[in-house]
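Read the structure below first, then the notes.
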Amino acid sequence: MITENLVGEIYLVCGALLFVLGVHALVVRPHLLVKVLAVNIMGSGVFMVLLTAASGPDLIDPVPHALVITGIVVAVCASAVALALMLKVRAATGQARLPSEAPED
Amino acid sequence: MSPWQAGLLLAFDLTLVLTLLGVAWQLLRGVNLFRSVVLFIAFGLLLSLAWVRLQAPDVALAEAAIGAGVTGALLLVALGRLRRMASGRHGGEGS
Amino acid sequence: MSRPRLSHVLTSLLAGALGVALVLILLELPAHSGLAEPVTEAMDRSGVGHEVTAVLLNFRGYDTFLELAVLLLAVWVAWSLGRQDPVPARSVRGPVLRGTLRHLVPVAVLTGGYLVWVGASTTGGAFQGGAVLGAAGVMLVLARPRSLPRVPRLGLRFVVALGVLVFLASGVGGLLGGHGFMGYHPDWAYALIVAVELAAAVSIGLGLVLLFLGGRVQGDDDDH
């Protein structure tokens, strides 16, 4: 079953790359909305690795599935709180960016 | 499963993964925020397709409804509020 | 201009290194059987026929309980940050949207209820059903952003907390019945799980709508 392993490896690599893309954007992009998106993409990469590890060739492990469903709801709650805080930052400082010497794009 | 079908599924997986990475890269460039949000919703829907391929239909259902739908609505309403603040029609923040 | 560019290059290099390391580690994952076999063995005691639902609401009920608490906490934080800002959308005139909603909302409620009920035996469950209910609520809010229904504030708070309360009550009931905290009597497991799922779905749906509104709802004035 070389194909089965290959499919798993494709999704593992994709999960790792999504996580790295998220980390990079989280550090580089100054806008807070993009940072929220980046954290969500990082989470999606982690979910992908978890689900790929769960889908064996014969038996499917339901525990990571339950973990990921819980994780999706928690990610939405965290995003909602982060967006509310972003609006507060925008109202307080006049811009939706971190008040540091962030590199301009 | 015949080798022909396996090859077709492999091609589908490769296309899906490359699309996911490309969409993620584009939306994280953050040139245009509205475009990023719309691409994020598309990313969530593609992701639920990937969950189906990973034999996790429960997660696919949750992702399509929550990850793409509700998160997309949250992001769009936050973007709308940001824009209204920027246009200055909304002076006093209600708090 | 050279310093930002240097930091960009450095960040990209570090991210690339992280990516290579992650890929190398993940490709060396040891073969493992996971928890599929213990779950399959315990399925006849769980009260439901679907593995994921059994894990979510029986074997690892504690996680799901805390997840509902996280949703409650998020609503709490959003309300602590201030009064609700009006939703930046114009109310749509004309009969098309209202007519569509009149047909779509009952269908969405039916779909949500079906997803919760069918979660006991096959794909579906409280979170998916709750998300469908929440999406219907968000659409209702978007269609009439200026005239939201005035809900009594105590009722609103009670319904958002309903999932946590019912889950906690069933958990404490298991503790008193000698099955441990969050444990069920095998004969009552199905009824308890469906009751907890229904309450959780309603709470999740309402919680998502409240997070979408973002802030204390109008008519919910403590300080005036």
Side-chain angles (χ1 to χ4, degrees), chain A residues 5 8-9 11-30 45-46 48-50 52-85 87-88 91 101-105, chain C residues 3-5 7-8 11-12 14-16 18-27 29 31-40 50-57 59-60 63-64 66-68 70-75 77-78 81-82 85 125 127-128 130-131 204 207-208 210-212 214-215:
Chain A
N5 284 338
E9 283 171 7
Y11 282 104
L12 277 181
V13 171
C14 177
L17 290 181
L18 281 179
F19 185 84
V20 171
L21 276 178
V23 172
H24 180 254
L26 181 66
V27 175
V28 170
R29 308 290 172 218
V46 174
M48 189 169 274
V49 171
L50 269 175
T52 314
S55 72
D58 44 352
L59 214 52
I60 296 169
D61 192 351
V63 178
H65 290 197
L67 277 179
V68 171
I69 291 176
T70 311
I72 288 174
V73 178
V74 173
V76 170
C77 296
S79 301
V81 171
L83 290 172
L85 287 174
L87 290 175
K88 287 290 153 189
E101 36 172 321
E104 288 295 326
D105 268 352
Chain C
R3 221 177 127 223
R5 188 158 294 180
S7 72
H8 265 218
T11 319
S12 302
L14 282 176
L18 178 68
V20 171
L22 273 178
V23 167
L24 287 181
I25 291 169
L26 285 177
L27 290 182
L29 273 185
H32 62 101
S33 64
L35 291 167
E37 285 170 23
V39 169
T40 315
H50 188 46
E51 282 92 353
V52 177
T53 308
V55 172
L56 271 175
L57 286 146
F59 306 146
R60 295 297 306 159
D63 295 351
T64 312
L66 288 180
E67 174 196 353
L68 292 175
V70 165
L71 183 73
L72 191 62
L73 200 64
V75 174
V77 170
L81 284 175
D85 224 5
F127 303 106
Q128 293 86 341
I204 289 170
L208 290 176
L210 291 178
L211 285 179
F212 177 77

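Numbered from 1 within each chain, the chains take letters A, B, ... in sequence-line order.
If you measure heavy-atom distances from C:Ile204 to chain A, you find no contacts under 4.5 Å at all. If you measure heavy-atom distances from A:Ala80 to chain C, the contacts under 4.5 Å come from the side chain alone. Contact annotation for C:Val52: both backbone and side-chain heavy atoms come within less than 4.5 Å of a heavy atom of chain A. Both the backbone and the side chain of C:Ser12 come within less than 4.5 Å of a heavy atom in chain A. Contact annotation for A:Leu85: both backbone and side-chain heavy atoms come within less than 4.5 Å of a heavy atom of chain C.
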Criterion side chain to side chain contact (heavy atoms under 4.5 Å, CB included) on A:Thr70 and C:Leu56, from CA distance to verdict: CA-CA 8 Å; A:Thr70 311; C:Leu56 271 175; 3.6 Å; yes
Begin from the C-alpha positions of C:Phe59 and A:Val63 and carry the test side chain to side chain contact (heavy atoms under 4.5 Å, CB included) through to its verdict. CA-CA 9 Å; C:Phe59 306 146; A:Val63 178; over 6 Å; no
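Residues C:Gln128 and A:Ile69 approach most closely at NE2-CD1, 3.9 Å, considering heavy atoms. In this structure, C:Val70 and A:Cys77 approach most closely via the heavy-atom pair CG1-CB, 4.2 Å.
C:Leu22 pairs with exactly one of A:Leu12, A:Leu17, A:Val20 by the side chain to side chain contact (heavy atoms under 4.5 Å, CB included) rule, that one being A:Val20.
Among A:Gly15, A:Ala66, A:Pro64, the residue making the largest number of heavy-atom pairs under 4.5 Å with chain C is A:Ala66.
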